[in-house]
Colleague: 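I am attaching a structure below and will ask some questions about it afterwards.
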2 protein chains.
Amino acid sequence: MTAKKTGREITISDIAAAAGVSKATVSRVMNGVSTVNEQIAERVRAAVAELGYSPSAAARSLSLGESRTIGVVVPDLANPMFHQVLHGLNSAAERDGYRVLVADTREHREREVEIALDIRNRTDAIVLFAPRMDRLTMLDLMPKIDPVVIFNRTTGKRAGAVLIDYAEGIGAVARHLIELGHTKIAYLAGPPQARSNMARQDGLDIVRGEHPEVEIVSVDCGSSFEDGYAAWPAVRETGASAAMAFNDVVALGFLGRLAEEGVSVPDELSVAGFDDIPFSQYSSPSLTTMTARLGDVGEKIWSTLLEQIRGTADLEPTTFAPQLTVRSSTGKKK
Amino acid sequence: MTAKKTGREITISDIAAAAGVSKATVSRVMNGVSTVNEQIAERVRAAVAELGYSPSAAARSLSLGESRTIGVVVPDLANPMFHQVLHGLNSAAERDGYRVLVADTREHREREVEIALDIRNRTDAIVLFAPRMDRLTMLDLMPKIDPVVIFNRTTGKRAGAVLIDYAEGIGAVARHLIELGHTKIAYLAGPPQARSNMARQDGLDIVRGEHPEVEIVSVDCGSSFEDGYAAWPAVRETGASAAMAFNDVVALGFLGRLAEEGVSVPDELSVAGFDDIPFSQYSSPSLTTMTARLGDVGEKIWSTLLEQIRGTADLEPTTFAPQLTVRSSTGKKK
DNA sequence: TTGAAAGCGCTAACAT
DNA sequence: ATGTTAGCGCTTTCAA
């Protein structure tokens, strides 16, 4: 006994009354059940059009036990890297008749759990993009939001996982720079707590082991344009002849600063990014970076999630290895 | 009589049974109704934690007649301009206890109506960002999804509307270029059907009227990096000494091409954008552009929507006038 | 082919 | 302070 009178909501009962049939028949017409007399069906459709009826998703979900909708929780909708993944995910889900709803936590790590629970409760399944919460919280949350796929965090097979191999990727960047003759390389580090930054640090440690003659200096930086822009003095201080950034956004901010400072790239300093966001091929100079097939990543996230929805789970994580794309921002050490 | 057995969903009844109380009491505890005996409340909370219960949003929505959630339909989640608006909207809505769910139509104009109806049916209200559908379709849709606010399309007072004044804005860019001495200016036009492009064309017509001595040449372009990149030959052909782009993304793509071609900016060619996306201050040269307080736009969208939800509608459209931000990509005609 | 009725999980009168 | 119950809008058995 409730339901706020929000003015005049048209319900199935209104249509039934208007068309002079039962609610069951209206439901059948709405759902395209073929056994309805065409005359009657037409009357129903007329009433629907007339009154502008469209069925309550809440009621359908409750009755059906499913909504054919999935949720995606993203820490920062402004991150271009996520868009490409989201795009692939969206297309793939749409092909299978699912709708995708996105919630942006705007880096409020403390609200992630609440938002994930909430959105999961209005959808059939959920995807968490690079969640910022700590591992224990995440592992604890997972059973409560199953079916779930996590992008870019490991889950110890407690949920589907799709990952980009950052360790390997940053290693490829470093080796590229080393081949170009650079022996002192700065790494503009991402946020210290970010898992993807830790993975990159691990990757760099491997390269350090392989090339004791090369010095890779980590410089505190961050993940934004501003962070990259601000990193120049620290990088200069290292005396490095090449810099690789946590991601393209940082690299681009850094490049902007170098242009201002009159530092020529790649002659005086080689610069590399990571992610290959769309703008990176249009910057000047165009940016050497790691390219992941992010659309495919999105599709893989969907297929993994669909398996989970259908119960044919396979919790083996999928890893995508990005490829080096060499453009004009890196060059031989002079 | 339905509800797919999706494994084991915990419901309020399970908690009631586990805690040895009625569903009503569980509901009270979940909703923080104070009149519950602390001992009992504790038992309930224990059961909730134990079983990992979280209430079904569908059932709550149905019972309450509201979900405290709003939907936003965006034509392209990758457009940086939308992020800033979305951010302001999100923050403002959150302050009032509302959750924001975003659906991306990925420029599938023909699916916009369906998606809007669907998302509106699981939320309390909806915002349409720059809908691509034709005007008649839009006007027809509006009553069906009320309460609704439209961003960047006029609605003839049939719904809330928040607009950026593109005509005035592009005029300001043109006048800036004219003051710098440019007499032949290229306009890299956006998609022909885009309302925001038409508004810009109108604004340019006004300037043409004011300055008969100045020639403003419209060059077909588009709205992407690629479009801007590809526009160079056409612009060169016009012989213009300055170019203003449909938006920053186009301007940045164009700038990338100019760098490749060795055209120096602003010495040989002045370039201006529109929107002031975050990267524009880090490009080289940094981009002269029109800055709108997009966060404020988002907040205004929310307050307009909230008025509609509360029934205190005021359908007077709100217009935001962007400000010129001069950076390094425009200069005196040489 | 159509209708009646039960039930999805929850909330809120109302009764105790 | 707690329980009972009706009902939110829909789908689906079951009977006609």
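Protein chains get the first letters and strands the later ones, always in sequence-line order, with residue 1 at the start of each.
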Colleague: Whole Å only: how far is the CD atom of B:Glu66 from the C1' atom of C:dT11?
Modeller: 12 Å
Colleague: Rounded to the nearest angstrom, tell me the gap between atom CG in A:Leu64 and atom C1' in C:dG7.
Modeller: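 So the CG-C1' distance, A:Leu64 to C:dG7, works out to 13 Å.
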Colleague: Round to a whole Å and report the spacing from CE of A:Met30 to P of D:dC10.
Modeller: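 The answer, rounded to whole Å, is 8 Å.
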Colleague: Tell me which nucleotide among D:dG3, C:dC10, C:dA4 gets nearest to the side chain of A:Ser22.
Modeller: C:dA4
Colleague: Any donor-acceptor pair under 3.5 Å linking the side chain of B:Thr69 with the backbone of B:Ser67?
Modeller: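 Yes.
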Colleague: Going by heavy atoms in the side chains, are B:Thr155 and B:Met142 under 4.5 Å from each other?
Modeller: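 Yes, side chains in contact.
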Colleague: Starting at CD1 of B:Ile301, measure out to CG of B:Asn152 and round the result to the nearest 0.5 Å.
Modeller: 8.0 Å
Colleague: Using a cut-off of strictly less than 4.0 Å, decide whether B:Thr11 has a side-chain nitrogen or oxygen near OP1 or OP2 of C:dG9.
Modeller: no
Colleague: Can you tell me the distance, in whole Å, between the CZ atom of B:Arg43 and the P atom of D:dA1?
Modeller: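 Going from CZ in B:Arg43 over to P in D:dA1 covers 16 Å.
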Colleague: Picking from C:dC8, D:dG3, C:dG3, which would you name as closest to the side chain of A:Ala24?
Modeller: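 Of all the options, the side chain of A:Ala24 is nearest to C:dG3.
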Colleague: Measure from CD1 on B:Ile12 to P on C:dG9 and round the result to the nearest Å.
Modeller: 11 Å
Colleague: Pick one: which of A:Ser54, A:Ser56, A:Ser61 meets side-chain hydrogen bond (donor to acceptor under 3.5 Å, both in side chains) with B:Asn121?
Modeller: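 Passing option: A:Ser54.
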Colleague: Does a nitrogen or oxygen in the side chain of B:Arg60 sit under 4.0 Å from OP1 or OP2 of C:dG9?
Modeller: no
Colleague: For the side chain of A:Lys23, counting heavy atoms from C-beta on, which of D:dA1, C:dG9, D:dT11 is nearest?
Modeller: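 Ranking D:dA1, C:dG9, D:dT11 by closest atom to the A:Lys23 side chain puts D:dT11 first.
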Colleague: Atom CG of A:Leu62 to atom P of C:dT11: distance rounded to whole Å?
Modeller: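 Spelled out: CG on A:Leu62 to P on C:dT11 is 12 Å.
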Colleague: Of all the choices, C:dC10, D:dT2, D:dT13, which nucleotide is nearest to the side chain of A:Arg28 once you look at every atom?
Modeller: D:dT13
Colleague: Name the closest nucleotide to the B:Asn37 side chain, picking from D:dC10, D:dT2, C:dT1.
Modeller: D:dT2
Colleague: Just the rounded figure in Å: distance from P of C:dT11 to CZ of B:Arg68.
Modeller: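 Taking CZ of B:Arg68 and P of C:dT11, I get 14 Å after rounding.
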Colleague: Start at the 5' end of DNA chain D and walk down; is the nucleotide closest to B:Ile40 or to B:Ala59 reached first?
Modeller: B:Ile40
Colleague: Whether A:Thr25 contacts C:dT2 is assessed here as follows: a side-chain N or O lying under 4.0 Å from the phosphate OP1 or OP2. Is that the case?
Modeller: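 For A:Thr25, the contact criterion (side-chain N or O under 4.0 Å from OP1 or OP2 of C:dT2) is not met.
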Colleague: Would you kindly give the CD-to-P distance between B:Glu9 and C:dG9, to the nearest whole Å?
Modeller: 9 Å
Colleague: Are OP1 or OP2 of D:dT11 and a side-chain N or O of A:Ser27 less than 4.0 angstrom apart?
Modeller: yes
Colleague: So, are A:Arg120 and A:Asp124 salt-bridged, with charged N and O less than 4.0 Å apart?
Modeller: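 A salt bridge is absent here (no side-chain N lies under 4.0 Å from a carboxylate O).
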